[in-house]
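Numbers restart at 1 for each chain; the letters A, B, ... are given by sequence-line order, proteins then strands.
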Protein chains: 2
Amino acid sequence: MENLREIFQIMTRRFGLLDKNCCTAGGVDISLVQSHIIYEIDRKHNPSIQQVADSLAIDVTTFSRQVQSLVKMGLVKKTPLPEDRRIHILNLTTEGKYIATVIDGQMNVYLKEVFSHMSEFEQEMVINSIKLLNESMAKSSVCCTPLG
Amino acid sequence: MENLREIFQIMTRRFGLLDKNCCTAGGVDISLVQSHIIYEIDRKHNPSIQQVADSLAIDVTTFSRQVQSLVKMGLVKKTPLPEDRRIHILNLTTEGKYIATVIDGQMNVYLKEVFSHMSEFEQEMVINSIKLLNESMAKSSVCCTPLG
DNA sequence: AATTAATACTTGCAAATTGCAAATAATATA
DNA sequence: TATATTATTTGCAATTTGCAAGTATTAATT
């Protein structure tokens with residue numbers, strides 16, 4: 001088998017670049033990490049601080065501060081859970097949701113553009129492959145355990 | 001077509017985690033960025049500072065300082081080019097090469113482990129898909145232009 | 001019920017990383 | 001020679017990071 005690392009290194013680097021494009025929406029500038037946080041809060045159902053931090057494999061203390069920023073920016077709301085007030089639940093404000101939607105749309109436009117250079121058949125294949133890869137990484141012991 | 005961003009977001013995040021594992025070799029600790037820099041210097045033939053910075057899409061001033069650290073750590077050598085002494089050529093020291101080799105080996109072990117959860121056929125397919133993806137991104141206008 | 005332990009989250013640093021603007025150094029052009 | 005251009009490096013000043021230690025709240029133990 002050929003050099004796996006080579007092709008993966010290039011791929012992830014390129015996606016990193018694509019990702020960087022995606023941090024301005026509706027006149028609001030956010031950082032890459034913040035966009036990932038918003039994405040994750042949107043995806044999960046009322047997650048706690050700890051949960052999201054684990055999913056993104058960010059140190060909780062760092063994450064705590066990032067959340068504070070996002071709250072200050074009016075994109076995220078933080079509410080103590082009534083049943084257990086140690087836990088704080090996160091969700092997006094209306095503006096936060098809006099930003100999430102815009103970024104998501106933008107990302108999909110970018111990805112579609114990338115896919116437009118392939119045939120129907122190839123597109124199918126690539127999508128299946130990525131899914132397979134995700135499943136394999138989920139099974140793997142060497143990495144990637146966080147995130148559900 | 002289904003939500004492209006979802007599967008890519010998960011994939012790149014997981015690879016990010018895998019990548020993070022890969023920064024200790026032979027008793028030397030390096031950061032993620034530094035490991036990418038070493039990888040890129042190794043891959044290119046006597047690249048200049050500017051070239052590597054562009055490839056990795058890192059600000060040159062930031063990159064300059066990272067190189068200084070790596071030189072201080074004895075992993076990278078920086079030599080002015082005789083024909084044009086504005087340009088500084090980078091290459092790995094013996095220890096730098098050693099580190100690069102160790103990390104590369106380690107990464108390939110990890111990747112093989114991930115691939116071990118797939119059939120022969122699937123493995124082939126995934127590899128072809130990643131290559132296709134890389135080619136498509138290279139053709140794309142929306143991202144990823146740096147790096148050759 | 002009172003102590004102790006465990007969990008979820010937040011601060012206090014201090015170090016590392018970043019990027020812009022300005023500086024230097026070397027070459028190319030007028 | 002003077003001016004512009006290119007490659008790289010510093011000077012900040014702001015942001016981001018992670019560890020250790022803190023607070024707040026709930027669970028377990030006595």
Sequence-aligned protein contact record of nucleotides 16-30 of chain C, with B where the base is within under 4.0 Å of a protein heavy atom and S where only the sugar-phosphate is: --SBBB----BS---
Under 4.0 angstrom between B:Lys20 side-chain N/O and D:dT17 OP1 or OP2: no
Rounded distance (Å) that lies between atom P of C:dC9 and atom CG of A:Leu70: 16 Å
Pairs where residues 125-136 of chain A contributes a residue and the test salt bridge (charged side-chain N to carboxylate O under 4.0 Å, His left out) is met, not counting sequence neighbours: A:Lys131-B:Glu2
Selection residues 93-104 of chain B - residue pairs positive for salt bridge (charged side-chain N to carboxylate O under 4.0 Å, His left out), sequence neighbours left out: A:Arg5-B:Asp104, B:Asp42-B:Lys97
Residue list, side-chain contact (heavy atoms from CB on, under 4.5 Å) with A:Thr24, at least two apart or on another chain: A:Asp29
Rounded distance in Å - NZ (A:Lys72) to C1' (D:dT15): 13 Å
Between C1' of C:dA8 and NZ of A:Lys78, the distance in whole Å: 11 Å
Whole angstrom value for the distance that separates P of D:dA14 from CG of A:Asp29: 18 Å
Proximity to the side chain of B:Gln68 - top-ranked nucleotide from D:dT10, C:dT10, D:dT8: D:dT10
Protein-nucleotide distance (A:Gln51, atom CD; C:dT7, atom C1'), rounded to Å: 14 Å
Contacts of A:Thr94 that satisfy side-chain contact (heavy atoms from CB on, under 4.5 Å) - sequence neighbours left out: none
Summary of salt bridge (charged side-chain N to carboxylate O under 4.0 Å, His left out) pairs that have at least one residue in residues 62-78 of chain B, sequence neighbours excluded: none
Atom-pair distance (CD1 on A:Ile89; P on C:dA8), nearest Å: 11 Å
From CE (A:Met73) to CD (A:Gln34), nearest 0.5 Å: 5.0 Å
